[in-house]
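Reviewing the structure listed below.
Keep in mind the model is a prediction, meaning the values are calculated, not measured. Whatever order the structure lists them in is the order used to number ligands and atoms, beginning at 1.
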Amino acid sequence: MLVVMKRGATQPEIDAVCDRIKEFGITPVPLPGVERMAIGTFGSTSRAAADAVESMPGVSEVVPVSRPFKLASREVIASDSVVRVGGVPVGGGHALAVMAGPCSIESRDQTLATARAVRAAGAAILRGGAFKPRSSPYTFRGLGEEGLAILAEARAETGLAIVTEVLTPGDVDAVARVADCLQIGARNMQNYALLDAVGEQPKPVLLKRGMSATVEELLLSAEYVLARGNRSVILCERGIRTFEKYTRNTFDVNAIPLLRRLSHLPVVADPSHGTGKWYLVAPVALAAVAAGADGLLVEVHPSPDHALSDGFQSLTFENFASLMAQVDRIARAVGRPIAGAAA
Ligand code: PEP
Ligand code: MN
């Protein structure tokens, strides 16, 4: 349930409600809002507890929360959450946040060249995997710590914020020391130990939809992170596996407005993994922006033919610059110019 306090309810009134809820063996979760305080009790709510607090001083109403996800739900937090990645605000009607860079960090030269190119084209955040989840154990699995050091150098030189993937709970500290945002990949969307671990540290989390995950499962995975105390979660639609074989995945454009309706969390789109084909990235990126995405995640490589991972879906610098010009037009049409791009 959600106990909505009256506007101007006093701290002693709020404390009294929390204490009363605890008497029923339930943990209250204070949720400060812009206008008023709410107190959530999730997982185990008794009718008796609801009745007990309903008429207490300062209480406006007690609302049942019908969705299985709670802290991720718009029922609980009505206004858009803004997640700050480095200095870049994502969500809440802020300018479109474009995250771009190679699938994998392969070398210093490759990463720095890409960082400079995506920054010049208007991206605000550099993406790139140092720890790579690969379908085959015989393919390139990333440079690990060396890749993190390269990302740190790219940020120091370009000022771009960094988003990079973490694969195991044991790597969370090392990745969080460098990253401005921790990526949880599709393959790990339901790795609950990893979700708990990123939920217990303060850096924002970019949570990618699992390849066969429903929208509700994605939101329940977000709930794991939120429930551990980290309220900075960005959701990412990156396509789901269907019977279609011409494309790597089927990009679910429905998910963008649906997630924004069900949740207050920012939603970004990944048309690179969503399609698997470089020539489909731009049209799908534009569709995602038109559908209300708060940002984009796009793979870019100096020489896609030589990429150690995901070359076929990576854009050249030139194609990325041309995509950004097109995205800017659509973004402006829907009232969201690109963060970092000249006005
Ligand atoms: C990636 O972003 O390079 C990646 C591995 O993505 P996903 O987890 O969506 O497959
Ligand atoms: Mn990739």
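Taking 2.8 Å as the limit, the number of protein N, O or S atoms around the Mn ion (ligand 2) is 4.
Within the 4.5 Å cutoff, side-chain heavy atoms of Leu262 are placed close to those of Phe69. Residues Arg116 and Arg119 are not in side-chain contact: their nearest non-hydrogen atoms beyond the backbone lie 4.5 Å or more apart. Within the 4.5 Å cutoff, the side chain of Thr114 has no heavy atoms near those of the Glu106 side chain.
Asp310 and His273 form a side-chain donor-acceptor contact under 3.5 Å, judged by distance and modelled atom types alone.
In the vicinity of Cys103, heavy-atom distances shorter than 4.0 Å reach the ligand 1 atoms 3 (O). Residue-ligand proximity, Lys132 to ligand 1, at heavy-atom distances under 4.0 Å covers atoms 1 (C), 3 (O), 5 (C). Applying the 4.0 Å criterion to heavy atoms of Ala186 picks out, from ligand 1, the atoms 7 (P), 8 (O), 9 (O). Within ligand 1, counting atoms from 1 as listed, the ones closer than 4.0 Å to a heavy atom of Gly185 are 8 (O).
Considering backbone and side-chain N/O of Arg127, one or more are found under 3.5 Å from N/O of ligand 1. Of the polar atoms of Arg248, none of the N or O atoms is found under 3.5 Å from an N or O of ligand 1, judged by distance alone. The shortest N/O to N/O separation between Asp310 and ligand 1 does not fall below 3.5 Å.
The two residues His264 and Leu71 make their nearest non-hydrogen contact at NE2-O, 2.7 Å. Of all heavy-atom pairs between Ile39 and Ile21, the closest is CG2-CD1, 3.9 Å. Nearest heavy-atom pair across Ala288 and Phe251 is CB-CZ, 4.1 Å. Here the closest non-hydrogen pair linking Ala38 and Leu2 is CB-CD1, 4.0 Å. Minimum interatomic distance between Gly292 and Arg260 (heavy atoms only, all atoms of both residues): O-NH1, 2.8 Å.
Within the 4.0 Å heavy-atom criterion, neither part of Met211 lies near ligand 1.
For atom 9 (O) of ligand 1, the closest non-hydrogen atom on the protein side is Arg238 NE, 2.7 Å. Looking only at heavy atoms of the protein, atom 6 (O) of ligand 1 is closest to Lys208 NZ, 2.9 Å. The protein non-hydrogen atom at the shortest distance from atom 4 (C) of ligand 1 is His273 NE2, 3.3 Å.
The aromatic rings of Tyr224 and Tyr192 sit parallel, their planes meeting at an angle under 30°, below the 60° perpendicular limit.
The local environment of CD in Glu318 is sparse, with at most 12 non-hydrogen atoms from other residues, nucleotides or ligands closer than 6.0 Å. Within 6.0 Å of CZ on Arg187 lie more than 12 heavy atoms contributed by other residues, nucleotides or ligands.
The closest non-hydrogen atom to atom 5 (C) of ligand 1, taken over Glu165, Met99, Glu299, Glu237, comes from Glu165.
Under a 4.0 angstrom heavy-atom cut-off, Arg209 registers as lying outside contact with ligand 1.
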